[in-house]
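Values below: every heavy atom of this structure, side chains too, minus hydrogens, waters and symmetry copies.
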Amino acid sequence: MKTTTYNIERINHLIQQYQLGKEEFLTLISEGLKHSLTWEAVFKEEIQINHLKRIDKIFRKGLSYYLDPTPPITSKESSIFFRKEKFGTNLNLAAKKIVNQFEELKISLSGLAKLSDINLERKLPVLSNQDNPALVANKIREQLMPRSKKDPKKFLNALIDKFAEYNILVFEYVEHPSLKEKTNIDGFFLQPNVIVLRRNQDYFKREIFTLAHELGHYLLNQEEIESMDYDQMAFGKINKVEAWCNNFAFAFLAGPQLPVLDKLPNVTLRNDYNFNEIKTISDQTHLCFTAILTYLVKKGKVSGAIYAKMRSDQEEELRKRKEEDKKKRELEKEMGKASIASLAKPIKSPLFVSTIQSAFFDGVINEYELCKTLNLKPNQLEKYLR
DNA sequence: CCGGTAAACCCAATTGTCGT
DNA sequence: ACGACAATTGGGTTTACCGG
């Protein structure tokens with residue numbers, strides 16, 4: 001058994017940052033073992049390399065991190081988990097990992113920007129939740145709304161490009177389909193200018209709504225980690241900031257369709273639930289059907305029962321569509337067609353790319369780091385160096 | 001610009017094997 | 001019982017191209 005000296009302070013610090021209980025932590029590092037590890041068995045004068053590896057499976061800092069004798073940094077700048085105690089949702093481990101991962105990326109990126117003299121200054125004013133969200137949205141639309149794109153994914157792309165022009169850095173992360181524990185969040189906003197989204201392959205419009213919602217957080221400069229629960233949005237108690245961001249996101253995406261929606265009569269069985277009208281608006285804008293429903297509930301135009309029915313119909317439709325796709329694939333497989341597909345690629349913000357590029361040209365990072373950061377293969381490099 | 005279609009092409013989990 | 005490493009398996013997207 002190989003052992004090594006280590007810095008237990010750093011491990012304790014990480015446990016605290018991830019807000020793990022002692023038991024929880026021990027269960028996590030005992031994964032796959034017949035006999036669970038105990039605190040005493042692991043943290044002796046020297047630690048077993050195996051145990052250290054198990055610990056690093058949680059935190060992914062690299063083994064050398066735990067060997068460093070200098071004390072860990074506990075500043076508020078280093079992690080949102082030291083800045084903010086409570087979030088609108090309970091995060092699972094995967095979610096905490098993702099948040100920490102992007103926080104680290106954010107910090108290293110702002111370092112790079114400083115070193116290569118890139119100005120990432122805020123171009124939009126900080127607003128208060130006393131401001132009227134619909135009026136704000138109309139103003140912001142003029143600056144941040146890309147010209148029309150029908151395809152939701154293309155629109156999302158264009159939106160991220162526009163945000164980049166205003167120094168708002170948007171990241172997307174993609175979870176592998178066979179990942180065991182997926183994150184239980186949809187996105188988050190980190191001060192000063194970073195928005196992170198979870199890829200929603202089945203329903204890009206939801207991802208777009210999350211982005212608009214996070215833009216609201218950016219405008220208010222209020223950090224939050226989000227799990228978009230539409231039922232909660234319609235009926236639950238939500239705090240003022242969340243409500244503001246929802247209203248803002250809705251008005252931002254609805255644009256000129258907002259008055260049309262407001263003129264809609266109450267949704268009842270008699271007018272066939274206004275299904276076609278809602279569908280039309282959903283098609284003309286990038287609002288998802290569900291978001292429109294929650295808006296109508298808030299305006300008192302849809303009763304709880306009708307909302308529930310329409311929601312479950314929507315879910316059902318999505319489920320059916322997925323099932324059909326699956327069947328089609330299975331059929332193709334039987335016909336002898338090889339089924340290999342690459343994993344979805346996260347959308348890259350041009351602001352991110354240009355920052356890394358400048359850092360490279362200024363000699364702040366080398367070619368290897370450039371490839372690694374932008375997730376490129378060396379033969380793709382040329383395209384990025386022009 | 002749009003919809004449809006074909007071809008290219010990744011990563012995590014699981015399983016197996018062997019050494020300690 | 002466990003760790004290390006390799007081979008296998010399984011899940012479903014991007015991107016380019018074409019005709020309209």
Please report the distance, rounded to the nearest Å, between [atom1] in [X] and [atom2] in [N].
| X | N | atom1 | atom2 | answer |
| --- | --- | --- | --- | --- |
| A/Asn50 | B/dT20 | CG | C1' | 11 Å |
| A/Lys348 | C/dT15 | NZ | C1' | 14 Å |
| A/Glu207 | C/dT13 | CD | P | 13 Å |
| A/Gln201 | C/dT14 | CD | P | 4 Å |
| A/Lys180 | B/dC11 | NZ | C1' | 15 Å |
| A/Glu31 | B/dA12 | CD | C1' | 13 Å |
| A/Glu323 | C/dG11 | CD | P | 14 Å |
| A/Arg60 | B/dA12 | CZ | P | 8 Å |

If you check every side-chain atom of [X], which of [options] has the closest atom?
| X | options | answer |
| --- | --- | --- |
| A/Leu343 | B/dC10, B/dG3, B/dC1 | B/dC10 |
| A/Ser178 | B/dC10, B/dA12, C/dC2 | B/dA12 |
| A/Arg199 | C/dT14, C/dG3, B/dC2 | C/dT14 |
| A/Pro177 | C/dG11, C/dC2, C/dT15 | C/dG11 |
| A/Lys345 | C/dT13, C/dT15, B/dA12 | C/dT15 |
| A/Lys34 | C/dT14, C/dC2, B/dC10 | C/dC2 |
| A/Ala344 | C/dC2, C/dG10, C/dT13 | C/dT13 |
| A/His35 | C/dA1, B/dC10, C/dG10 | C/dA1 |

- Query: Dot-bracket, DNA chain B: Watson-Crick or G-U, under 3.5 angstrom, [ ] crossing, | other strand?
  - Reply: ||||||||.|||||||||||
Can you see if the side chain of [X] gets near the phosphate of [N] - specifically, an N or O under 4.0 Å from OP1 or OP2?
| X | N | answer |
| --- | --- | --- |
| A/Lys53 | C/dA4 | yes |
| A/Lys153 | C/dT14 | yes |
| A/Arg54 | C/dC2 | no |

- Query: Are A/Leu370 and A/Phe171 connected in a single hydrophobic cluster, I mean Ile/Leu/Val/Met/Phe/Trp/Tyr linked by side-chain heavy atoms less than 4.5 Å apart?
  - Reply: yes
Counting distance only, does the side-chain N/O of [X] pair as donor-acceptor with the main-chain N or O of [Y] below 3.5 Å?
| X | Y | value |
| --- | --- | --- |
| A/Arg199 | A/Val174 | no |
| A/His35 | A/Ser30 | no |
| A/Arg321 | A/Asp202 | yes |

- When rounded to the nearest 0.5 angstrom, what distance separates NZ in A/Lys57 from CD in A/Glu31? 7.5 Å
- Query: How many angstroms lie between CD in A/Gln222 and CD in A/Glu242, if you round to the nearest 0.5 Å?
  - Reply: 9.5 Å
- Counting any heavy atom closer than 4.0 Å, what does A/Arg147 reach on the DNA or RNA strands: base, sugar-phosphate only, or nothing? sugar-phosphate
- Scan A/Lys182 against the nucleic acid and name what it touches under 4.0 Å (heavy atoms): base, sugar-phosphate only, or nothing.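 Nothing, no heavy atom under 4.0 Å.
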- Over all atoms of both residues, closest heavy-atom pair of A/Tyr307 and A/Val302: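 Taking every non-hydrogen atom into account, N-CG1, 3.7 Å.
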- Message: Closest-nucleotide mapping onto DNA chain B: is A/Glu181 or A/Ser342 further toward the 5' terminus? I mean the 5' end.
- Response: A/Ser342
- Query: With A/Tyr65, which residues qualify under ring pair (Phe, Tyr, Trp, His ring centres under 6.0 Å), at least two apart?
  - Reply: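 A/Tyr65 satisfies ring pair (Phe, Tyr, Trp, His ring centres under 6.0 Å) with no other residue.
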